[in-house]
Every structure is written in structure tokens, then in C-alpha cells.
Amino acid sequence: MAKTLFEKIWNSHVVVDEGNGRSLLYVDRHLVHEVTSPQAFDGLRMNKRKVRRRDLTFATMDHNVPTTNRSLPIVDQTSATQVKALERNCKEFGIELFGIDSPDQGIVHVIGPELGITLPGTTIVCGDSHTSTHGAFGALAFGIGTSDVEHVLATQCIWIEKPKTFEIRVEGKRKNPHSVTAKDIILSIIKKIGTAGGTGTTFEYRGEAISELSMEQRMTICNMSIEGGARAGLIAPDEKTFDYLRGRRYVPDNYEKLVEYWRENLMTDSNARFDKSFALHVDDIAPQVSWGTNPAMTVDVTGRVPFPDEYAHGNPEEEKAAAKALQYMGLKPGTLVTEIELNRIFIGSCTNSRLEDLIEASKVVKGRKVSPKVRAMIVPGSQHVKKEAEKLGLDAVFKDAGFEWRESGCSMCLGMNPDILAAGERCASTSNRNFEGRQGAGGRTHLVSPVMAAAAAIAGHFVDVREMDLN
Amino acid sequence: MKGAVIKYERDNIDTDVILPGPYLKIHDYNELAKHAMEGIDKDFHKKVKPGDFIVAGRNFGCGSSREHAPIALSYSGIKAVLAISFARIFYRNAVDGAFLLPIEIEEDTYKDISEGDQLELETSKNEIRNLTKNKTYKMKPFPELIGKIVAAGGLFNYKQ
């Protein structure tokens, strides 16, 4: 019978199917970070359990770490405690750790692919909802909570209910790939299907516009699957995927043999059926700016902040939500998006902090100055990204323009380290969530692409990057 | 199971408002509880009583995979969240750790229940009794497996 890519990966990982909706699935790679793991390790200790597959478990610290000078101790004591706990746990349980001083340290979803830990056709879990990022490589990857982290550490398996399949087709070829980015594609999808549109499903992104994306752009798309309600999002691997991973440190020795197998097997069969489908055309996608407090509350940069009734299309609950969001965001309906003024710019996070994101943003910034009204920062996704960017001289481009150039980590995406917004501050952010208080209590987040954030840093307000020459 | 309702008339109550990011550093569950719902309701910790229920709209618990969210609610005394729908990771975390019951309700039920109403839940009958309004609603049937996991006190205990 014809199968989807998801079904092929699922079937090859089922250990037990209890027939009651849940199956026991084998986990090929388990990524661990400092925030969602301490209680899991406590649980192992309490029950005298070991980590079953230390060789398939990798840890890093990203959420808490300061992005300023790493030679100084961590000032925040609770952060320091959490970071030290991971060090101790990794040592005690024999897990490889890319620690705060490691040249491999970085956001877990940036370093997984970078080090070749992420592989096509595998199952990957991590105590982090943006684990969906790894789906860009044709891996079934999803976030789990701490009880499940403990379960995977102990058994290398996870009990999970089989999701439905949801095809997302993006047709056409982008006419302006430097200004209409992967971020704009995924925000447009979420705007259309809603934040719960994918609940209980795994996305598979398909179509010409997806195939033409680079690996880093594909990661941006899959990263935000969870913002559309799906725990995982897949893109079938192709030559770009195989080329990206070839030669990376943790890929297996029989890599070329694996590539042959992946090439023949890891795709959705031509007559396979999805449970749900949605399609859009890239010609209908403009640079996006979120105006509200969830990632579906987004408009074209050429648009206006909507009136609640206009946003709600007759749904009273949505209308109330929009009114609340506008109040929190301090925005008047009808305001042109390009008239929204910013105080802060954040280019970073597991969505948009890779080398290509920084290269694209630097094209906007080069030879220009950050608006005096704005404080702007760049937080590379990993130490490798940082080093590569510095080799290209991007740090100088950004610093000359007035950006702060930081060490790698999650930083202002979720406000766990000192990089936060003050109440009322308005930020153009390349991260993934514009929830209330996400970047700091009372902070106001507008989700955008790296080039849109960079252009806003220069102008002090949003601008349509399609009007700039980025080629 | 009997308790009073704390109602939030909104959809998409995300994990960042249930437990804001800065508190993810806290290891002690009772300390976490002090910051539950702080993102939208600074008084939650003062008003919540053991056994209370939260009633909310669609897609409750969307966002991050932080188990700290159901833990903070659980250690605040919340026994169940009644919502029109749940985000999957939150639902799963609530059940696997046996922290609280995520109960799906119809939109009419959501609208009918008010802040402060006394409810009595009988999951074996899929019934919610509103003692204040003297009404009975149906909850969406609770999958058998979910009930067993919660009754066993979480995933590990269920599998042993």
C-alpha cells in the first residue's frame, strides 16, 4: 500500500502497538538541555535507573546561558544552579555534553544538524517543543515533557499516540527569495490554518517552493510546525539534505550507503493519501509581521493592524481575543504596519539564527546605521555559526552599524537569561512566539524574518524589504 | 472531585502565561506554584484553593513542552482543567506525570460555567455537575487509557 513519508518512518520505529491508540516508538536520538532535564535525572537516581543509550543521548546548555562574556561566572544564581546540575548529571550518567565553554555549544536545534547528529529517517526527541526543527532533514522529531524525558533516558523508547498526516503544499517559485523568506512562508501558513490547525497531526511540507529552499530555510519552516499545533513537521530529504550532512562529525561511517537507502525510500509514495491537506502559492506571500499575541495574528507588511471584527470574521471569541491582543500590544486598529515604531531588535533563536540568516540580515545592514531610537542585538545560534560569521566579517558589519554581537544561546526568545524586554518595549524579533510576556513581562513582540528585523533596526519602524536591493 | 471554578474567558492560553520563562529555573515545585498563571493573572496564587478547577476556551496549553506548566497548576491545587480543546504536549504532560486531568467540554458548557461555580466531576460517568447552577453537563468521553494512566499515578507507575 502507498505510504506517506511519516508512515514509513513511524512503521520502522514501532516496538509495540498496544492497539489502544498508543504505540511504543524507538528513539534514535535524544537531545537534552538544562531546563527540562533536572527532574528527569532526579527520577532516574531515585529509582536507581541508568541511561539506557548514552551513545544516542547528547546534551547542551542553551536556554539559561548568558550571551555576554563567557569567561565571567553566571550572575543569576538559579541559572548557574541549573547549568551546574546539567554538568553534574551528564558526568554522573555518562552523557556527552556540549557545555558552556565548548566550541560546539549552541541552541540544541542548531547544533543537532550542525554536528550531524540529526539524520534522515530517524526519530528524534528533546524536552523542547521546537524539536520539530529537525524534521527539515526528514526526521520524525518532536518535543516532549520532563516525564517523557525521564522515560526516554531510561528506556530509549516513548509511548505515543499515532498522529494523523497533514500535507502542506507550497506551490510556485519565489520571485524575490531574499525578501520573501522561509519565515514569511511559515507565518503565512499559520495565519491561514490557525494555531491549533495542526493539532494531532504531523505536517509534511511539499511543493516546488519547499524543494527550492536551502536546508537552513527548511529548518525555519519545520521549526514553527508547533506554532501551527503540530508536534512534528517533515520535509522529504533530497540531495541538498545529503550534501548538507556529508562529512559532519557525528554522521555514521557508512554514510554513503545510508544515502542510497534514503534516496530510494524516504519520500511519500505518489498515490499515498494524507488525512488533511492545505495549499498556498508563494506569489500570494508577502513579508509578514505579527501584530498580536499568537503567531496566527499576522499581516502583510503592506497591511494595517486589523480591527477585531475584521480579524474575527464573525467569531465573537476571536473578536475578544483580538481586542485583548491589541490592548496588550498597545496598537490602534487601522495603523499601517510600516508606521509601527520599534525600541528593540532581536535577531536570533532556533528559528532564525543560522549563518544564512545572518548573511541575509547583513546585506540589509551593510554600510547603514541602527536608528538611534533602537537597541539591536544579534545572537548567533551556536559557537560554530558565530565563528563562521566572524570569518566572513559579519560581526564587523553588524557592530559598525550599532548592533550588539553576542555569544550563542536562546537569549531573548524566551527571556530566561538577562536578555529581556522591559514592560512596554516593542521588539521586532526573529523568534517564534509572540505570547504575552514571552520576551519579558509586558514586552511586545512582533515576529518577522531576519531581513525584516534588520531593516526595522535601520529605519526604526517596519519597512517592506522588497523595496530594497538584496541581490 | 469537588471544587470551585477559576474561569479564563479566552482561547490559546499558552504555556508562557501559565508559567513564564524566567521561573523555569526553579527546581522546587511548591515554589513554581507561586508563579502559576502569573502571565495573565497576578492574583491566581492568592485566590486558588486546593481542589479548584480552571475553565478556559480552545487550545489550552499551546506552546512550549515545559512540564512546569501542568506542574505549577497541580501544585497550586488545581485538580482539573476544563477546556474546549487542548494543545497536545500540554495534554500529554498533564497525564503522563499525573499532575491534573485535562477534560474536554462542549462550547455551551464552557459558556454556561461561571467564575466561582461549585462543580463536582464524576469521570466514570463523564459527568460534570454544576452545584451552584443545579445543572449537569457531559464531558467528552475520557479515553480509557488516559484514565488508567492518571489513576496509576503517571506513566512510569502505569507501566510497572
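Below, each value reflects all heavy atoms present in this structure, side chains not excepted, and no hydrogens, waters or symmetry copies. This structure is a prediction, so every number in the text was calculated from the model and none was measured. In the text below, chain A, chain B and the rest are named by the order of the sequence lines, each starting its count at 1.
Contact between Thr199(A) and Phe86(B) at its shortest, heavy atoms only, is CG2-O, 3.9 Å. Between Gly143(A) and Ser65(B) the shortest heavy-atom distance is C-CB, 4.4 Å. Across every non-hydrogen atom of Lys25(B) and Ser79(A), the tightest pair is CD-OG, 3.0 Å. Considering all non-hydrogen atoms of both residues, Arg22(A) and Ile149(B) come closest at NH1-CD1, 3.5 Å.
Not counting sequence neighbours, the partners of Thr136(B) by the side chain to side chain contact (heavy atoms under 4.5 Å, CB included) test are Glu127(B), Arg129(B).
Contact of Ile420(A) with chain B is not made at all, since no heavy-atom distance falls under 4.5 Å. Contact annotation for Asp42(A): only side-chain heavy atoms (C-beta onward) come within less than 4.5 Å of a heavy atom of chain B. Residue Ala196(A) touches chain B through both its backbone and its side chain, counting heavy-atom pairs closer than 4.5 Å. Contact annotation for Glu18(A): only side-chain heavy atoms (C-beta onward) come within less than 4.5 Å of a heavy atom of chain B.
Other residues, nucleotides and ligands contribute more than 12 heavy atoms inside 6.0 Å of the CG atom of Asp28(B). Few gaps surround NZ on Lys47(B); more than 12 heavy atoms of other groups in view lie less than 6.0 Å from it. For Lys84(A), the NZ atom sits in a loose shell: 12 or fewer heavy atoms of surrounding residues, nucleotides or ligands are nearer than 6.0 Å. Atom NZ of Lys164(A) is surrounded by 12 or fewer heavy atoms from other residues, nucleotides or ligands within 6.0 Å. Residue Lys138(B) places its NZ atom among more than 12 non-hydrogen atoms of other residues, nucleotides or ligands, all under 6.0 Å distant.
No other option in Ala321(A), Gly200(A), Cys126(A) has as many heavy-atom pairs under 4.5 Å with chain B as Gly200(A). When each of Arg88(B), Arg66(B), His27(B), His68(B) is checked for heavy-atom pairs under 4.5 Å with chain A, His27(B) comes out on top. With chain B as partner, the option from Glu150(A), Glu34(A), His63(A), Lys320(A) having the largest number of non-hydrogen pairs under 4.5 angstrom is Glu150(A). Between chain B and the options Thr81(A), Ile160(A), Thr36(A), the largest number of non-hydrogen pairs under 4.5 Å is found for Ile160(A). Put simply, of Asn432(A), Ile144(A), Asn417(A), the one with the most heavy-atom pairs under 4.5 Å next to chain B is Ile144(A).
Of all residues in residues 91-114 of chain B, those placing a non-hydrogen atom less than 4.5 angstrom from a non-hydrogen atom of chain A are Arg92(B), Asn93(B), Asp96(B), Gly97(B), Phe99(B), Glu107(B), Tyr110(B), Lys111(B). Contacts of residues 8-24 of chain B with chain A at a heavy-atom distance below 4.5 Å involve Glu9(B), Arg10(B), Asp11(B), Asn12(B), Asp14(B), Asp16(B), Val17(B), Gly21(B), Pro22(B), Leu24(B), listed in sequence order. When the heavy atoms of residues 434-443 of chain A are compared with those of chain B, the residues falling under 4.5 Å are Phe435(A), Glu436(A), Arg438(A), listed by number.
Looking only at side-chain heavy atoms (C-beta outward), Ile226(A) and Ile89(B) come within less than 4.5 Å of each other. Side-chain atoms of Lys148(B) and Asn20(A), non-hydrogen and from C-beta on, never get closer than 4.5 Å to each other. Between Glu67(B) and Val149(A) there is no side-chain heavy-atom pair separated by less than 4.5 Å.
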